[in-house]
Amino acid sequence: MTRNTMKVAVFAGDGIGPEIMAEALRVLDALNLQGLELTEGLVGGAAYRAKGHPLPPETLEIAKASDCILFGSVGDFSLDNLERPLRPEQAILGLRKEMKLFANMRPAKVYKGLEHMSSLKPEVAEKIDLLIVREANGDVYFGNKGIRVLPDGRRQGFDDMSYAEDEVRRVAHTAFRTAMGRRKKLCSIDKANVLDTSQLWREVIIETSKEYPDVELSHMYVDNAAMQLVKDPGQFDTIVTGNMFGDILSDQASMCVGSIGLLASATMAEGTYGLYEPIHGSAPDIAGKGIANPMAQILSTAMMLRHSFALEAEAKRIEAAVEKALADGVMGGDLGGKAGTREIGDAVLARL
Ligand code: IPM
Ligand code: MG
């Protein structure tokens, strides 16, 4: 499926977001794709400063009028004292909710020659090639929450954890389909020994598995999964888990890889609508210095071409160019190298 127009919402965000987005857009531009239309919008702290809200209505309109979102990163320490609905992170949570982006996919793979970047022993790290499918629209993130005063006067914080079966089923289908395209192994991570939410999660995963007889399904409790991820990450192919467990385990997986400046992610809605972003944050400490590594942003663009526009060949071209640049020793400070943002962009462009 190729389209006549490909409308991309470009939300660069805060910190290093705009610098690394600029390099990703240069790479996109070099591909000369017919019908590509980019529309920029403000998100995060940048949007709060200009419009008083991290996800202003005009930005949401751009998202709705587009086929996908290319996202930079949001976060700004100087705004951390705002009440939570106005903080920069609300841009990403708001987009997940409003655009029904329910399947967050975070591949973690160690690049050859970069095994030493991992926090694990190189011989353990080199085996990492996994993908976490994290549910992103439900769970304790979006439940009823608050701080209330009990009859005896004590304050009590609460956040309801819940999953409806259809919420589990749709992410289960995404996960099984993803596993089919990989090594056909799916591990569902939950806490079914304690939580009823997890009990239903597990039942629905098992029901859904009947439609995917070729996929080998296993289950693991989240505490054990945290251990197994550092002990023997090579045992995992595709993982599916809820919003909260996935938040934690995906950061852990990225450190097992080490080179967080290389990890891209996609958060998909039903169909081909998706939001593509690097896994790393807005890194305000190095913003504006021209030293941020744009590779994860560039690789997010490749994921966008693959998942939203079915442009597999173009996606591979970008990924190969990044891999070639790394193999040739073009590395940013995050990988112990000296290459700056622009220089890395140039190096990838030269190898496209
Ligand atoms: C992530 C982030 C977000 C989350 C924050 C910024 C709200 O940690 O994308 O993993 O918790 O989902
Ligand atoms: Mg997180």
Side-chain angles (χ1 to χ4, degrees), residues 11-17 20-21 42-48 53-55 59 63 68-108 119 130-143 145 159-161 163 167 171 174 189 222 225-226 229 239-269 274-285 287 296-297 299-300 303-304:
F11 300 157
D14 303 320
I16 60 172
I20 57 176
M21 184 66 86
L42 289 172
V43 286
Y48 175 77
H53 196 279
L55 183 60
T59 298
C68 63
I69 303 168
L70 187 59
F71 197 90
S73 41
V74 290
D76 182 334
F77 295 138
S78 66
L79 299 176
D80 277 354
N81 291 329
L82 289 171
E83 49 175 324
R84 181 141 6 84
L86 294 177
R87 283 191 219 159
E89 309 85 277
Q90 292 301 316
I92 190 76
L93 294 176
L95 283 169
R96 284 179 191 158
K97 200 72 197 166
E98 293 287 336
M99 304 311 297
K100 302 189 172 59
L101 299 160
F102 66 86
N104 180 216
M105 316 227 265
R106 300 186 170 187
S119 308
L130 58 87
L131 190 153
I132 298 182
V133 181
R134 164 190 175 194
E135 201 289 329
N137 245 216
D139 201 354
V140 64
Y141 266 58
F142 293 103
K145 60 175 75 210
D159 298 83
D160 288 351
M161 174 183 269
Y163 265 124
E167 294 177 302
V171 77
T174 305
I189 294 174
V222 62
L229 258 181
I239 287 172
V240 63
T241 189
N243 205 349
M244 172 92 133
F245 299 153
D247 179 44
I248 299 164
L249 294 178
S250 61
D251 266 23
Q252 191 184 344
S254 69
M255 255 313 113
C256 292
V257 173
S259 35
I260 191 163
L262 300 179
L263 298 180
S265 73
T267 315
M268 305 301 297
L275 179 150
Y276 304 89
E277 61 175 330
I279 277 178
H280 60 68
S282 58
D285 51 320
Q297 189 75 59
L299 292 169
S300 302
M303 283 188 102
M304 171 183 93

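As the structure lists them, so they are numbered: ligands from 1, and atoms in each ligand from 1. Every heavy atom of this structure was used, including side-chain atoms; hydrogens, water molecules and symmetry mates were not.
Of the candidates Leu93, Asp247, Asp251, Asp247 brings a heavy atom nearest to atom 2 (C) of ligand 1.
Distances from ligand 1 to the non-hydrogen atoms of Arg106 include at least one value under 4.0 Å.
Interatomic distance, Glu277 CD to Leu263 CG, rounded to the nearest 0.5 Å: 12.0 Å.
At distances below 3.5 Å, not a single donor-acceptor pair connects side-chain atoms of Asp159 with backbone N or O atoms of Lys145.
Residue Met244 does not touch ligand 1, judged by heavy-atom distances below 4.0 Å.
Per-atom contact check: atom 5 (C) of ligand 1 does not touch the protein, criterion being a heavy-atom distance below 4.0 Å.
For the residue pair Glu135 and Tyr163, a side-chain donor N or O sits within less than 3.5 Å of a side-chain acceptor on the partner. Looking at Ser282 and Asp14, their side chains never bring a donor and an acceptor atom within 3.5 Å of each other.
The contact set between ligand 1 and Glu89, taken as ligand atoms under 4.0 Å from a residue heavy atom, comprises 6 (C), 7 (C). Distances below 4.0 Å separate heavy atoms of Arg134 from the following atoms of ligand 1: 1 (C), 4 (C), 9 (O), 10 (O), 11 (O), 12 (O).
Two residues are said to be in side-chain contact when any heavy atoms from C-beta on lie closer than 4.5 Å; Leu275 and Leu70 fail this criterion. Put simply, the side chain of Val133 reaches to within 4.5 Å of the side chain of Val171, judged on heavy atoms.
Annotation for Lys100: atom NZ does not count as buried by contact number, only 12 or fewer foreign heavy atoms lying within 6.0 Å. Other residues, nucleotides and ligands place more than 12 heavy atoms under 6.0 Å from the CE atom of Met161.
Closest protein heavy atom to atom 11 (O) of ligand 1: Tyr141 OH, 2.5 Å.
A cation-pi contact, defined as under 6.0 Å to the ring centre and within 45° of the axis, links Arg134 to Tyr141.
Taking any N or O of Arg96, backbone or side chain, at least one lies under 3.5 Å from an N or O belonging to ligand 1. Polar contact check, Glu277 against ligand 1: no nitrogen or oxygen pair lies under 3.5 Å apart.
Take a cut-off of 2.8 Å around the Mg ion (ligand 2): the protein N, O or S atoms inside it are Asp247 OD1.
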### Stepwise side-chain contact (heavy atoms from CB on, under 4.5 Å) test for Leu229 and Leu249
CA-CA 8 Å; Leu229 258 181; Leu249 294 178; 4.0 Å; yes

